[in-house]
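Notes follow once the structure below has been shown.
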2 protein chains.
Amino acid sequence: MPIKKQTIFDECSMCSQPEEMKIQMCSVCVTQKIIRGKWKIVIIWLLRDGEKRFSELQRNIPRINQSYLTHQLKELEYDGLLNRKAYNVIPPKVEYSLTQKGIDFIGVMEVMDNWGKQYILDFKNGNI
Amino acid sequence: MPIKKQTIFDECSMCSQPEEMKIQMCSVCVTQKIIRGKWKIVIIWLLRDGEKRFSELQRNIPRINQSYLTHQLKELEYDGLLNRKAYNVIPPKVEYSLTQKGIDFIGVMEVMDNWGKQYILDFKNGNI
DNA sequence: CTGAATCCGTTTCGATACTG
DNA sequence: CAGTATCGAAACGGATTCAG
């Protein structure tokens with residue numbers, strides 16, 4: 001799984017369309033791509049309190065497998081949402097933390113949280 | 001692709017975990033699942049001004065194929081974000097519109113839009 | 001016009017084993 | 001401890017054909 005640069009910028013679904021079809025979606029699409037990975041929002045959420053080591057993340061996301069966690073972290077790093085700080089020691093030690101952009105993203109997740117809470121509530125009350 | 005009921009409620013990635021690992025993620029996960037489908041946010045966005053016919057949606061999302069559009073619409077309908085109104089005429093006529101829950105979701109997308117705009121800006125300025 | 005059904009390639013994700 | 005490498009299953013999504 002080679003990742004060289006931003007993973008979310010390849011192309012927006014709409015912005016390659018003819019002018020009359022273009023809608024202001026690119027920015028929403030970019031944001032969507034950030035969180036399409038199954039575990040990315042969990043990773044960001046776990047890092048909101050401060051930096052964590054690889055193994056801490058792994059412990060807190062029990063059903064993720066190691067290689068995929070690495071992959072998701074790498075994508076988030078290349079996309080500029082988190083910092084990776086590797087200490088040159090044995091055994092290895094790597095700490096991940098949110099960048100400013102990652103911190104800002106928490107705001108998006110809070111809105112998602114609100115909407116989702118209400119959705120779940122309505123669902124339980126049989127309104128959906 | 002059979003869809004019987006809510007597509008996003010199967011289970012949250014985290015809430016089946018032991019208590020000490022459970023984090024308040026379910027509501028965020030639910031919201032994420034709404035928009036994981038490649039075209040769902042575009043569909044919702046296109047419907048924000050009012051109801052549209054199937055063919056209008058198809059015209060406005062040129063690169064989607066018909067059967068997949070049907071599928072995405074069905075999921076959004078079952079998940080309670082949009083209404084499907086079928087007229088019993090020939091040729092067939094079906095109109096889609098947002099439910100209240102779908103309208104509320106626009107708010108989430110606006111926050112995503114803001115974050116994404118800033119992200120794109122920072123990217124263009126070489127800050128990412 | 002609005003689907004349904006089928007086929008099929010791609011991407012995502014999980015399991016496992018190995019490395020410095 | 002924090003990765004790589006490899007394999008395979010499952011989900012996603014596109015193309016095509018058919019139907020009322």
Side-chain angles (χ1 to χ4, degrees), chain A residues 1-3 7-8 10-14 16 29 32-43 47 51-78 82-97, chain B residues 1-4 7-8 10-14 16-17 29 32-43 51-79 82-97:
Chain A
M1 313 177 183
I3 309 167
T7 60
I8 56 176
D10 330 333
E11 121 231 48
C12 161
S13 313
M14 295 303 292
S16 58
C29 290
Q32 182 209 22
K33 282 179 196 159
I34 293 279
I35 46 177
R36 280 194 85 180
K38 185 169 178 180
W39 301 104
K40 289 190 181 174
I41 52 174
V42 179
I43 294 170
L47 289 176
E51 60 189 5
K52 280 196 164 57
R53 297 185 59 173
F54 183 89
S55 51
E56 290 183 87
L57 290 171
Q58 199 179 3
R59 243 193 329 278
N60 284 287
I61 316 176
R63 302 192 313 190
I64 200 173
N65 78 79
Q66 203 173 26
S67 63
Y68 196 58
L69 174 57
T70 302
H71 183 69
Q72 300 262 289
L73 286 169
K74 196 170 293 187
E75 282 193 347
L76 285 169
E77 185 195 356
Y78 280 115
L82 54 81
N83 297 121
R84 178 180 186 277
K85 190 164 54 176
Y87 299 85
N88 203 4
V89 295
I90 294 177
K93 174 177 173 179
V94 181
E95 279 177 347
Y96 293 93
S97 58
Chain B
M1 312 179 182
I3 310 166
K4 299 234 175 73
T7 61
I8 57 177
D10 331 333
E11 121 232 46
C12 160
S13 314
M14 295 304 291
S16 59
Q17 293 308 313
C29 290
Q32 182 208 22
K33 283 179 195 157
I34 293 279
I35 46 177
R36 281 193 85 178
K38 185 170 179 180
W39 301 103
K40 289 190 180 174
I41 52 175
V42 180
I43 293 170
E51 61 189 4
K52 280 197 165 56
R53 296 187 59 174
F54 184 88
S55 50
E56 289 183 88
L57 290 171
Q58 199 178 3
R59 242 194 328 278
N60 284 287
I61 315 175
R63 302 190 314 188
I64 200 174
N65 79 80
Q66 206 172 25
S67 65
Y68 196 58
L69 175 57
T70 303
H71 187 252
Q72 299 263 289
L73 286 169
K74 195 171 294 185
E75 283 193 347
L76 285 170
E77 185 196 355
Y78 280 115
D79 287 333
L82 54 80
N83 297 121
R84 179 180 185 276
K85 189 164 54 176
Y87 298 85
N88 202 4
V89 295
I90 294 177
K93 174 177 173 178
V94 181
E95 279 177 348
Y96 293 91
S97 58

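We name chains A, B, ... by the order of the sequence lines, and we start the count at 1 in each one.
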Next on the checklist: What I'd like to find out is whether the side chain of A:Val42 reaches to under 4.5 Å of the side chain of A:Asn60, using heavy atoms alone.
Outcome noted: no

The reported gap from CG in A:Leu73 to CG in A:Leu47 (rounded to nearest 0.5 angstrom) is 8.0 Å

Atom CD1 of B:Ile34 and atom P of D:dC12 are separated, to the nearest Å, by 13 Å

Atom CG of B:Asn88 and atom P of C:dC1 are separated, to the nearest Å, by 17 Å

Look at the side-chain N and O atoms of A:Trp39 and state whether any lies under 4.0 Å from the OP1 or OP2 oxygen of C:dG14. yes

In short, the helix from C:dC1-D:dG20 to C:dG20-D:dC1 is bent end to end, axes from five pairs each side, to 10°, by 40°

In whole angstroms, the gap separating C1' of C:dA5 from NE2 of B:His71 amounts to 13 Å

In whole angstroms, the gap separating P of C:dA15 from CG of A:Leu69 amounts to 14 Å

Atom CZ of A:Arg63 and atom P of C:dG14 are separated, to the nearest Å, by 8 Å

Separation between CG (B:Leu57) and CD1 (B:Ile43), nearest 0.5 Å, reads 6.5 Å

Can you confirm whether A:Lys38 sits close enough to B:Arg36 that some side-chain heavy atom of one is under 4.5 Å from a side-chain heavy atom of the other? yes

Sorted by chain and number, sequence neighbours left out, side chain to side chain contact (heavy atoms under 4.5 Å, CB included) with B:Gln58 holds for B:Phe54, B:Gln66, B:Leu69

- Flag the pair B:Leu76 / B:Lys40 as yes when at least one side-chain heavy-atom distance between them is below 4.5 Å, and no otherwise. yes

From NZ of A:Lys33 across to P of C:dT11 the rounded distance in Å is 13 Å

Practice prompt. Without swapping roles, check the side chain of B:Glu56 against the backbone of B:Glu95 for a donor-acceptor pair under 3.5 Å.
Written response: no

Residues B:Arg53 and B:Pro92: closest non-hydrogen pair is NH2-O, 3.4 Å

Does any N or O in the side chain of A:Gln72 come within less than 3.5 Å of the main-chain N or O of A:Trp39, such that one atom is a donor and the other an acceptor?
-> yes

Rounded to whole Å, the CZ-C1' distance (A:Arg36 to C:dC13) equals 13 Å

Extract from the structure each pairing of a protein N or O with an N or O of nucleotides 1-3 of chain D at less than 3.5 Å, listing the distance.
from  : atom 1 : to      : atom 2 : distance (Å)
D:dC1 : O3'    : A:Arg53 : NH2    : 3.0
D:dC1 : O3'    : A:Pro92 : O      : 3.1
D:dA2 : OP1    : A:Arg53 : NE     : 3.1
D:dA2 : OP1    : A:Arg53 : NH2    : 3.2
D:dA2 : OP1    : A:Val94 : N      : 3.2
D:dA2 : OP2    : A:Ser55 : N      : 2.7
D:dA2 : OP2    : A:Ser55 : OG     : 2.8
D:dA2 : N7     : A:Gln66 : NE2    : 3.2
D:dG3 : OP1    : A:Arg84 : NE     : 3.4
D:dG3 : OP1    : A:Arg84 : NH2    : 2.3
D:dG3 : OP2    : A:Tyr96 : OH     : 2.6
D:dG3 : N7     : A:Gln66 : OE1    : 3.3
D:dG3 : N7     : A:Gln66 : NE2    : 3.2
D:dG3 : O6     : A:Gln66 : OE1    : 3.0

Examine D:dG14: is either OP1 or OP2 under 4.0 Å from a nitrogen or oxygen in the side chain of B:Lys38? Give yes or no. yes

Whole-Å distance, B:Ile64 CD1 to D:dT16 P, equals 16 Å

